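Heads up, the thing below is written out as structure tokens.
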Amino acid sequence: MKECRTAVVPASAAGVGLAAEAFDAFASARRIPGEVVRSVQVALDEILSNTVRHGYGSQGEGGRIEIGFEIADGILEVTIQDDAPAFDPLAAPVPDTTSGLADRPAGGLGILLTRRLMDDVEYERASGRNRVILRKRMGGATAPPRPETP
Amino acid sequence: MQIRDEKVGAVRVVAPVGRIDSNTSADLERGLRGHAGEEAILVDLLEVEYISSAGLSVLLKAASAARARRGRLVLCSLRQSVREVFALAGFTAIFTIEASRAEALDRLAEKPGGGSR
């Protein structure tokens with residue numbers, strides 16, 4: 001069974017908040033495990049903040065971001081699309097998490113967290129749009145029931 | 001975001017409430033910058049239910065600034081979900097993190113650099 005929902009939010013800090021609310025509503029109506037919800041909340045916040053900051057930064061207000069939530073085969077998939085100039089958040093350098101305080105750069109953390117929290121992160125540029133896809137397995141709690149026969 | 005702010009003995013205690021995300025991290029940054037001159041700062045995360053990389057960056061900057069002035073910054077009372085994000089970012093190793101406010105205040109009461117030299 002496939003379930004999906006789409007939300008369109010302005011490319012602004014307020015829009016990031018609206019997207020979080022849309023995801024919370026989607027998640028609570030479908031009993032998605034709390035751990036999965038928290039992981040996706042962080043990843044979604046990171047990707048959307050990036051889009052607002054880098055994607056639409058030079059154009060100011062007016063941009064829109066489309067977010068799709070979908071559950072299929074026990075995998076939660078979140079698709080984030082925008083019309084901003086091409087920007088691949090996954091191309092950013094990843095900080096070294098073993099370095100000490102003095103050497104830690106403040107940037108790049110969002111993408112690092114996103115990669116670690118999700119099972120799969122993908123970027124593509126298609127038809128003049130940026131598309132980031134986050135995938136997270138939902139674990140045993142929401143897996144389809146086993147057939148009765150072994 | 002709401003930030004509780006008090007002085008306990010010689011320690012400045014800053015306790016944000018709610019979510020520290022890209023929307024609210026600037027509030028925390030302002031709250032911490034106001035105390036940049038203080039020697040001992042405790043950030044109590046008991047009432048923080050969520051932190052994103054924007055929040056981590058603010059704490060990282062505050063800790064670096066404290067260290068540059070030979071001050072100290074300690075974190076305490078991280079919830080499980082917040083601790084997870086810290087661990088994933090590799091932050092549990094670079095911050096001093098105590099389980100409770102009482103333990104953190106004890107830690108900060110120790111004389112800085114009081115070990116053998």
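Naming convention: chains lettered A, B, ... in sequence-line order (proteins, then strands); numbering from 1 in each chain. Since this is a predicted model, take the numbers as computed values, not measurements.
- Linking ILVMFWY side-chain heavy atoms closer than 4.5 Å, directly or via other members, places A/Leu90 and A/Val132 in a single hydrophobic cluster.
- Atoms CD and CZ, on B/Gln80 and A/Arg38 in that order, are 7.5 Å from each other to the nearest 0.5 Å.
- Scored by the side-chain contact (heavy atoms from CB on, under 4.5 Å) test, B/Phe86 finds B/Leu45, B/Ile51, B/Leu56, B/Leu59, B/Leu75, B/Leu78, B/Val82, B/Phe91, B/Thr92, B/Phe95, B/Ile97 as partners (sequence neighbours excluded).
- If you measure heavy-atom distances from B/Val85 to chain A, the contacts under 4.5 Å come from both the backbone and the side chain.
- Of all heavy-atom pairs between B/Ala89 and A/Leu112, the closest is CA-CD2, 4.1 Å.
- Under the salt bridge (charged side-chain N to carboxylate O under 4.0 Å, His left out) criterion, B/Asp106 pairs with no residue at all, not counting sequence neighbours.
- Within the 4.5 angstrom heavy-atom criterion, only side-chain atoms of B/Glu84, from C-beta onward, approach chain A.
- With a 4.5 angstrom heavy-atom cutoff, A/Ala20 touches chain B only via side-chain atoms.
- Atom CG of residue A/Leu113 and atom OG of residue B/Ser53 lie 6.0 Å apart, to the nearest 0.5 angstrom.
- Inspection of non-hydrogen atoms places B/Arg19 of residues 2-19 of chain B under 4.5 Å from chain A.
- Put simply, B/Met1 and B/Leu46 are part of two different groups of oily side chains (I, L, V, M, F, W, Y) that touch within less than 4.5 Å, one to the next.
- A/Phe87 and A/Ile47 are members of different hydrophobic clusters when ILVMFWY side chains are connected at heavy-atom separations under 4.5 Å.
- Residues B/Tyr50 and A/Val42 approach most closely at OH-CA, 3.1 Å, considering heavy atoms.
- The distance from the CG atom of B/Asn23 to the CG atom of A/Leu48 is 11.0 Å, given to the nearest 0.5 Å.
- Partners of A/Arg131 by side-chain contact (heavy atoms from CB on, under 4.5 Å), not counting sequence neighbours, listed by chain and number: A/Thr79, A/Gln81, A/Glu124, A/Ile133.
- Enclosure of atom CZ in A/Arg135 by more than 12 non-hydrogen atoms of other residues, nucleotides or ligands within 6.0 angstrom is indicated.
- When all heavy atoms are compared, the tightest approach of B/Ser22 to A/Val16 is OG-CG1, 4.1 Å.
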